[in-house]
Amino acid sequence: MSALIREGRVWTFGEQMNTDLMLPSAVIKEPVSVQREHCFEAIRPGWWKQVREGDIVVAGGGFGTGSSRPA
């Protein structure tokens, strides 16, 4: 089996990160240009200004659990 190797800045998130923490339901019907400004704001305000294309998100178990809506 070959290893998958990636390089880039890494953002770490803990366990049990539900979809409401990823993107608040209040902006779910807004355009993507508005949604991106609220991504992870509950735990990392202003994150959308720091993250760049090619960055890597690493999270623990339960990442994306919760309301079952696609964010």
Side-chain angles (χ1 to χ4, degrees):
M1 179 186 306
S2 64
L4 177 63
I5 299 173
R6 297 278 188 230
E7 291 186 14
R9 293 187 326 159
V10 174
W11 298 90
T12 58
F13 292 88
E15 306 230 354
Q16 306 308 317
M17 172 77 63
N18 69 43
T19 55
D20 293 322
L21 293 174
M22 294 174 167
L23 186 69
S25 60
V27 298
I28 198 70
K29 292 186 178 182
E30 298 292 333
V32 171
S33 60
V34 173
Q35 289 181 9
R36 71 179 181 188
E37 297 176 13
H38 298 279
C39 188
F40 296 115
E41 74 178 351
I43 57 171
R44 294 226 172 112
W47 184 72
W48 72 277
K49 293 180 184 178
Q50 300 170 358
V51 68
R52 297 188 303 247
E53 186 173 336
D55 285 1
I56 302 164
V57 172
V58 176
F63 187 79
T65 60
S67 66
S68 76
R69 61 179 162 79

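Counting heavy-atom neighbours within 6.0 Å of E7 CD, excluding the residue itself, gives a total of 12 or less. Residue-environment remark: CZ (R6) stays at or below the threshold of 12 foreign heavy atoms within 6.0 Å.
When all heavy atoms are compared, the tightest approach of R44 to T12 is NH2-O, 2.6 Å. Residues E41 and P24 come closest through the heavy atom pair OE2-CG, 3.4 Å. Contact record, L21 with A42: CD2-CB, 3.8 Å, taken as the closest heavy-atom pair. Across all non-hydrogen atoms, the minimal contact from E37 to W48 is O-CD1, 3.2 Å.
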| Residue pair W11, W47: steps toward the side chain to side chain contact (heavy atoms under 4.5 Å, CB included) verdict | CA-CA 10 Å; W11 298 90; W47 184 72; 3.0 Å; yes

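Under the 3.5 Å distance criterion, the side-chain polar atoms of Q35 are matched with a main-chain donor or acceptor of E30.
Classified by interplanar angle (parallel below 30°, tilted 30° to 60°, perpendicular above 60°), the ring pair F63/F13 is tilted.
Within the model, atoms CG of L23 and CG of N18 stand 11.5 Å from one another, a figure rounded to the nearest 0.5 Å.
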